Visitor: 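Handing you a structure now.
Values below: all heavy atoms of this structure, side chains included; hydrogens, waters and symmetry mates excluded. Just so we're clear, the structure is a prediction, and the values are computed from it rather than from any experiment. In what follows, chains carry the letters A, B, and so on, assigned in the order in which the sequence lines appear, proteins first and then strands, with residues in each chain numbered from 1.
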2 protein chains.
Amino acid sequence: MDQTTRIVRAFEDAGYQTTPSRRLMAELVAGSRGHFSAADLQDRARQRRAKVGRATVFRALELLTSLRVVERLDLPNRSHAYVLCDPDEHHHHLVCSRCGRSVDVADGELARLVDEIGRRNGYRIETHRLELFGICPLCAGAGTGAAVAADREGPA
Amino acid sequence: MDQTTRIVRAFEDAGYQTTPSRRLMAELVAGSRGHFSAADLQDRARQRRAKVGRATVFRALELLTSLRVVERLDLPNRSHAYVLCDPDEHHHHLVCSRCGRSVDVADGELARLVDEIGRRNGYRIETHRLELFGICPLCAGAGTGAAVAADREGPA
DNA sequence: AGGCAGATGATACCAGGTCTCATCTGCGAG
DNA sequence: CTCGCAGATGAGACCTGGTATCATCTGCCT
């Protein structure tokens with residue numbers, strides 16, 4: 001089962017209708033290399049001569065976020081983006097600041113650390129978020145941003 | 001030297017002029033309990049019958065951010081806020097999701113963890129950000145949001 | 001095959017932030 | 001002490017990302 005199907009399935013399993021727009025969103029999200037914004041998706045939809053309303057894109061992203069199929073990132077440059085990720089376990093993101101590719105990172109030892117910080121300060125911790133930014137192996141190898149151009153759409 | 005003076009001093013040391021608006025911003029920021037937004041500051045300025053342009057507020061916050069006197073938070077509810085914090089060492093924030101009060105948390109063991117994650121994934125990590133959200137001791141004690149009302153202005 | 005809950009696109013709106021520009025002022029040189 | 005100008009300001013236009021409203025359309029269950 002490929003990524004697109006998995007996403008469509010996620011919609012179905014959660015009781016949402018399968019519509020052309022949603023299928024398209026699923027394809028576009030599945031075909032993204034790095035992170036993407038709502039506007040990216042809409043542009044790419046338009047490139048395929050498909051018309052999707054802005055609201056629909058946001059609605060789809062909202063649903064996918066709630067289904068934990070994508071997650072919203074707050075980038076260091078104060079903009080936002082979404083990334084496709086693993087819905088099954090709590091994790092964080094390691095994001096390439098050049099090409100946007102992101103890998104999921106298990107919480108691991110962090111949980112313990114977070115716990116300890118909470119205890120030391122008397123806070124009851126509810127959630128935490130760790131975001132890591134750096135240069136991915138491909139970009140490091142490629143030198144001056146060669147991987148950037150390859151960012152949009154294509155097999156993972 | 002009180003907090004306000006410290007902030008004014010930060011402006012001076014960085015070679016910026018000391019103007020009434022900046023002094024006012026310094027006071028308002030220093031007098032904030034939890035986190036605050038640009039709009040909060042402007043409102044509080046207006047309450048004192050001082051007129052500051054929106055742009056000026058943002059400009060001041062931008063400077064203070066670059067001087068690391070304040071930091072920008074991305075709250076879980078997708079809004080933003082600024083918090084006063086320690087300019088002298090790399091740290092993270094533990095933020096009360098009820099009253100917004102924030103304590104600085106030293107990086108500590110996290111650095112090691114981050115390093116390891118980078119190494120394991122072949123990324124050269126440039127920056128990381130950890131944000132913790134929970135209920136602070138005061139709010140936990142006060143029960144239903146009593147501390148919330150006390151949030152704006154007053155001695156730390 | 002029919003009906004309706006749920007989905008859609010257009011469009012208006014909102015918040016947070018940036019840009020521009022004409023005016024004003026802190027402050028260092030003299 | 002005062003003068004001039006770099007730097008700061010406020011007003012307001014604008015931009016981006018996101019939400020709300022609403023009339024219309026359509027997937028899907030019966």
Visitor: What integer distance in Å separates A:Met25:CE from C:dA7:P?
Guide: 15 Å
Visitor: Could you tell me the separation between the CG atom of A:Leu24 and the P atom of C:dG9, rounded to a whole number of Å?
Guide: 10 Å
Visitor: At under 4.0 Å between heavy atoms, how does the protein contact nucleotides 16-22 of chain D? Give one character per nucleotide, 5' to 3', with B, S or -.
Guide: -BBBBB-
Visitor: Looking at A:Ile117, is its backbone amide N or carbonyl O close enough to the side chain of A:Asn121 to form a donor-acceptor pair, meaning the two atoms are under 3.5 Å apart?
Guide: yes
Visitor: Does C:dT8 have OP1 or OP2 under 4.0 Å away from a side-chain N or O of A:Thr19?
Guide: yes
Visitor: Among the nucleotides C:dT8, D:dA11, D:dG27, which one has an atom lying closest to any side-chain atom of A:Arg22?
Guide: C:dT8
Visitor: Below 3.5 Å, can you tabulate the donor-acceptor pairs from side chains in residues 18-26 of chain A to any protein atom, sequence neighbours excluded?
Guide:
residue : atom : partner : partner atom : Å
A:Thr18 : OG1  : A:Glu12 : OE2          : 3.3
A:Thr19 : OG1  : A:Arg22 : N            : 3.2
A:Arg22 : NH1  : A:Gln17 : O            : 3.0

Visitor: For B:Asp43, enumerate each residue passing the salt bridge (Lys or Arg N to Asp or Glu O under 4.0 Å) test, keeping only those at least two apart in sequence or located in another chain.
Guide: B:Arg46
Visitor: Examine B:His93 together with B:His35 and report whether their ring centres are nearer than 6.0 Å.
Guide: no
Visitor: Among pairs that include at least one residue of residues 66-92 of chain B, which meet salt bridge (charged side-chain N to carboxylate O under 4.0 Å, His left out), considering only residues two or more places apart or in two chains?
Guide: B:Asp74-B:Arg129
Visitor: Taking the ring centre of each residue, are B:His92 and A:His128 less than 6.0 Å apart?
Guide: no
Visitor: What integer distance in Å separates B:Lys51:NZ from C:dC24:C1'?
Guide: 10 Å
Visitor: Going by number, which of residues 11-18 of chain B have a non-hydrogen atom under 4.0 Å from DNA chain C?
Guide: B:Gln17, B:Thr18
Visitor: Could A:Arg112 and A:Glu109 be called an ion pair, given the rule that one side-chain N must be under 4.0 Å from one carboxylate O?
Guide: yes
Visitor: Taking ring pair (Phe, Tyr, Trp, His ring centres under 6.0 Å) as the cut-off, I'd like each qualifying pair that reaches into residues 41-84 of chain A, sequence neighbours left out, listed once.
Guide: A:His80-B:His80
